[in-house]
Amino acid sequence: MLSQQKTISFDTETTGIDAHQAELVGLSFSVTPGEAYYMPVSADQDQARTTVARFKGILENPEISKIGQNIKYDMAMMKWYGVELAGHLYDTMITHYLCEPDLRHKLDYLTESYLDYKMVPIEDLIGRGGKNQLTMRDVALEKVKEYACEDADLTLQMVPVLKKMMHENELDDLYIKIEEPLIRVLCDLEYEGIRISGDFLNEYSKELDKIILEKEQEIYRNAGVKFNISSPRQVGEVLFDRLKVPYRWKKTSSGQYSTDFDKLTELAGEHIVIDTILEYRKFSKLKSTYVDALPTMINPRTGRVHSNFNQARAATGRLSSENPNLQNIPIKDEAGREIRKAFIPRDDDHVILAADYSQIELRIIAEISNDQSMLDAFIAGNDFHKATAAKVYSVAYDDVTSEQRRNAKTVNFSITYGAGATNLSRQLKISRKEATELIKSYFREFSGLKNYMDETVKQAREFGYVKTLLGRRRNLRDINSRNSLTASNAERVAINTPIQGTAADMIKIAMIDIHQTIKEKQLRSRMVLQVHDELVFDVYKPELETLKSIIQDKMKNAIPNLKVPILVEIGVGNNWLEAH
DNA sequence: GCACTCACG
DNA sequence: ACGTACGTGAGTGCG
């Protein structure tokens with residue numbers, strides 16, 4: 001497909017790693033291996049735009065395919081300079097990620113591994129970290145030219161290597177149908193960003209400050225000593241050495257006492273200071289990771305927050321989010337949920353809409369294992385965890401107790417991880433024997449599932465990899481390890497990856513389809529976040545009903561002709577919390 | 001730069 | 001006898 005078209009490898013040099021804050025320094029291009037060209041642009045932004053505009057004929061030509069390493073970055077950069085990158089996108093980072101999802105995908109690693117070529121480290125030009133850090137703009141043109149041309153050239157040289165790997169691993173379809181179109185979706189989503197109320201968070205920060213100070217005083221009073229409560233080591237020493245709280249676990253690999261949530265919760269009755277330490281930790285975490293950090297991430301150009309959604313990180317095929325991570329905003333804890341109130345629509349004419357897949361991973365297991373009992377339960381449309389409890393405890397659906405439902409929910413959850421009796425017993429706080437019995441009756445009821453899991457592991461051992469429903473692949477180097485712990489780790493990965501990965505494939509398709517429809521219908525509403533099984537939109541109020549029906553349709557039907565029903569729950573509100 | 005802890009799905 | 005959950009990113013402490 002690519003070889004019949006004109007192609008050009010292309011790279012941008014900029015003043016920083018955030019495409020929404022950086023300024024362009026130059027462009028490099030390569031069409032022939034071993035040969036590349038560099039075009040510097042002025043620091044004067046008007047002049048820079050004029051220079052960039054001269055390349056529109058190439059960059060906006062849909063007949064010319066673009067090759068790039070993490071091309072979403074360059075695409076966003078170009079967007080800021082008024083250029084909409086067109087044509088097929090061949091991303092060397094993403095294609096390598098599809099072939100070897102557990103390895104690294106940086107260009108220097110790729111050229112060393114596959115071309116036996118050592119690239120010039122960027123640190124040689126701009127120095128490393130600290131206050132002496134330069135930007136590309138401070139570096140002599142001759143040096144930048146060499147560096148930029150090397151990037152474009154080596155990216156081009158990686159293409160035949162990757163094409164061969166992609167073809168051999170039957171990954172072309174996955175790339176063309178999902179990952180390539182997703183690049184544009186994510187670029188638009190990131191460019192759009194999301195509005196966050198800095199005022200709201202700053203007010204909340206003051207409240208947290210008071211609470212944390214109170215907890216701190218209470219801890220010092222009850223412990224009889226001042227120490228750094230944020231230091232796990234000091235917490236361990238105070239609790240277990242000074243206050244003689246009994247410690248009954250293995251120490252950490254570095255020889256420290258472990259003081260994580262599970263341990264401290266179990267010890268809560270042993271000393272009154274323990275509960276307060278847990279509270280202190282909770283509020284400190286909220287303050288430092290979210291309440292104080294998020295306002296500093298508001299982009300001065302846009303007044304919005306532009307996370308980076310990494311398309312080549314999670315080995316299962318999921319996205320990840322960084323700078324800031326908007327996929328781990330609190331929701332379970334009451335005080336944490338408050339933070340979601342800061343995620344708001346762009347203005348009074350908009351609302352936040354959140355659309356969630358309901359129990360997507362369990363539905364996918366039912367689908368790919370073809371377990372009739374599980375499929376029937378989903379088709380019946382009742383509370384799935386309750387239906388599971390009825391089956392494994394052999395009671396009528398209406399007689400399921402809340403404890404039985406809770407246990408069934410945990411078992412359902414554990415199954416997707418391939419967890420065994422030891423962990424289930426720990427999770428449910430029941431004996432190992434009881435846990436073994438529970439798992440036994442679970443697999444008696446869902447024998448098709450058991451069969452599928454055994455078969456998956458068997459195939460993984462034979463072929464050395466597993467695949468999702470859409471052909472995403474993960475090599476499992478350890479699956480035949482002689483070390484039984486290593487091997488069983490790989491077995492759990494073998495079971496979990498097709499499930500987590502198929503769910504990732506599904507929502508990616510939905511994102512592409514929704515994005516496409518919004519574009520076609522020229523709507524003003526925008527997709528702003530993805531959180532694994534949830535999509536969040538900034539919706540123009542007059543378009544609300546239209547958006548609801550598009551989202552329902554595209555999320556439900558992302559993968560057509562499934563046996564299992566797919567359920568999508570939609571909520572709307574004046575902030576992200578209200579939308580749930 | 002690693003270890004620990006903890007936020008999410 | 002022993003022992004783990006699957007996938008992430010970020011803040012803090014500390015050597």
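Quick note on labels: first sequence line is chain A, next is B, and so on, each numbered from 1. Atoms considered below: every heavy atom in the structure, side chains included; atoms not considered: hydrogens, waters and symmetry mates.
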### Query
Do A/Arg492 side-chain and C/dT4 base share a donor-acceptor contact under 3.5 Å?
yes
### Message
Using OP1 and OP2 only, check whether a side-chain N or O of A/Arg281 sits under 4.0 Å from B/dC6.
### Response
yes
### Query
Contact class for A/Arg337 (heavy atom, under 4.0 Å): base, sugar-phosphate, or nothing?
nothing
### Task
Measure the distance from CG on A/Leu424 to C1' on C/dG3 and round it to the nearest whole Å.
15 Å
### Task
Would you kindly compare A/Gln327 and A/Pro232 by the position of their nearest DNA chain C nucleotide and give the one closer to the 5′ end?
A/Gln327
### Protein-nucleotide distance (A/Ile277, atom CD1; B/dC6, atom C1'), rounded to Å
16 Å
### Pairwise P distance for B/dC6 and C/dA5, with rounding to whole Å
15 Å
### Message
Any base atoms under 4.0 Å from A/Lys287, or only sugar-phosphate, or nothing? Heavy atoms, all strands.
### Response
nothing
### Task
Assign A/Ala315 to base, sugar-phosphate, or nothing according to its heavy-atom contacts below 4.0 angstrom with the strands shown.
sugar-phosphate
### Message
Mind checking if A/Leu286 touches a base, just sugar-phosphate, or nothing, with heavy atoms under 4.0 Å?
### Response
nothing
### Summary
Winner on side-chain proximity to A/Ser414, out of B/dC8, C/dC14, C/dA5, is C/dA5
### Query
Taking atom C1' of B/dC4 as reference, at what distance in whole Å does atom NZ of A/Lys263 sit?
11 Å
### Message
Once you apply a heavy-atom cut-off of 4.0 Å, does A/Asn325 come out as touching a base, just sugar-phosphate, or nothing?
### Response
sugar-phosphate
### Query
A/Arg304 and A/Glu192: which non-hydrogen atoms are nearest, and at how many Å?
NE-O, 2.9 Å
### Message
Once you apply a heavy-atom cut-off of 4.0 Å, does A/Gln427 come out as touching a base, just sugar-phosphate, or nothing?
### Response
base
### Task
Would you tell me if any nitrogen or oxygen in the side chain of A/Asn323 comes within less than 4.0 Å of OP1 or OP2 on C/dA10?
yes
### Message
Please classify the nucleic acid contact of A/Thr316 as base, sugar-phosphate, or nothing, using heavy-atom distances under 4.0 Å.
### Response
sugar-phosphate
### Task
Measure up the A/Tyr257 and A/Phe240 rings against each other and bin them: parallel (under 30°), tilted (30 to 60°), perpendicular (over 60°).
tilted
### Query
Centre of A/Phe283's six-membered ring, under 6.0 Å away, within 45 degrees of the axis: is that where NZ or CZ of A/Lys215 sits?
no
#### Entry: Residue A/Ser288, side-chain atoms from C-beta onward, closest of C/dG11, B/dC4, C/dG9
C/dG11
### Task
Scan every strand shown for a Watson-Crick or G-U wobble partner of C/dA1, both distances under 3.5 Å, and answer none if you come up empty.
none
### Query
Nearest of B/dC6, B/dC8, B/dC4 to any side-chain atom of A/Asp260?
B/dC6
### Task
Have a look at A/Thr259 and say if it touches a base, only the backbone sugar-phosphate, or nothing, with a 4.0 Å heavy-atom cut-off.
sugar-phosphate
### Summary
Among C/dG13, C/dT8, B/dA7, the one nearest any side-chain atom of A/Ala314 is C/dT8
### A/Ser258 vs B/dT5: side-chain N/O to OP1/OP2 distance below 4.0 Å
yes
### Task
With heavy atoms under 4.0 Å as the rule, sort A/Gln500 into base, sugar-phosphate or nothing.
base
#### Entry: Residue-phosphate contact under 4.0 Å: A/Ser253 side-chain N/O, B/dC4 OP1/OP2
yes
### Message
Classify A/Asn310 by what it touches in the nucleic acid, base, sugar-phosphate, or nothing, heavy-atom distance under 4.0 Å.
### Response
nothing
### Task
Select base, sugar-phosphate, or nothing to describe what A/Thr252 touches, counting heavy atoms under 4.0 Å on all strands.
sugar-phosphate
### Query
From C/dG3, C/dA5, C/dG9, pick the nucleotide closest to the side chain of A/Thr410?
C/dA5
### Message
Any carboxylate oxygen within less than 4.0 angstrom of a Lys/Arg side-chain nitrogen, looking at A/Glu179 and A/Arg472?
### Response
yes
### Task
Report the distance from atom CD of A/Glu237 to atom P of C/dC14, rounded to the nearest whole Å.
9 Å
### Task
Return no unless some side-chain N or O of A/Ser230 is found under 4.0 Å from OP1 or OP2 of C/dG11.
no
### Task
Look at the side-chain N and O atoms of A/Ser231 and state whether any lies under 4.0 Å from the OP1 or OP2 oxygen of C/dC14.
yes
### Message
So A/Ile331, base contact, sugar-phosphate only, or nothing? Heavy-atom distance under 4.0 Å.
### Response
sugar-phosphate
### Task
Using a cut-off of strictly less than 4.0 Å, decide whether A/Asn228 has a side-chain nitrogen or oxygen near OP1 or OP2 of C/dG13.
yes
### Query
Got a donor-acceptor pair under 3.5 Å from the side chain of A/Ser254 to the base of B/dA3?
no
### Task
Please name the pair of heavy atoms, one in A/Ile352 and one in A/Val536, separated by the smallest distance, quoted to 0.1 Å.
CG2-CG1, 3.8 Å
### Task
Say whether A/Arg474 and A/Thr497, considering side chains only, have a donor N or O and an acceptor N or O under 3.5 Å apart.
yes
### Message
Under 4.0 Å between a side-chain nitrogen and a carboxylate oxygen: does that hold for A/Glu203 and A/Lys206?
### Response
yes
#### Entry: Pi-cation contact, A/Trp249 with A/Lys263 (under 6.0 Å, within 45°)
yes
### Query
Can a salt bridge be assigned to the pair A/Arg477 and A/Glu100 using a cut-off of 4.0 Å between side-chain N and carboxylate O?
yes
### Query
What integer distance in Å separates A/His532:NE2 from B/dA7:P?
16 Å
## Note on the structure
note: A/Lys282, atom NZ; C/dA10, atom P; distance rounded to Å ~ 23 Å
### Query
Should A/Gln530 be listed as having a side-chain N or O under 4.0 Å from OP1 or OP2 of B/dG9?
no
### Query
Could one point to a donor on the side chain of A/Arg313 or the base of C/dG9 with an acceptor on the other under 3.5 Å away?
no
### Task
Have a look at A/Ser320 and say if it touches a base, only the backbone sugar-phosphate, or nothing, with a 4.0 Å heavy-atom cut-off.
sugar-phosphate
### Task
Would you mind telling me which of B/dA7, C/dA5, B/dG9 lies closest to the side-chain atoms of A/Ala419?
C/dA5
### From C/dT12, C/dA5, B/dC8, nucleotide with atom closest to A/Lys332 side chain
B/dC8
#### Entry: Nearest-angstrom distance from the residue atom CD1 of A/Ile507 to C1' of B/dC8
14 Å
### Message
In whole Å, measure the gap between the P atoms of B/dT5 and C/dT4 for me.
### Response
15 Å
### Summary
When rounded to whole Å, the CG to C1' distance for the pair A/Asn423 and C/dC2 reads 14 Å
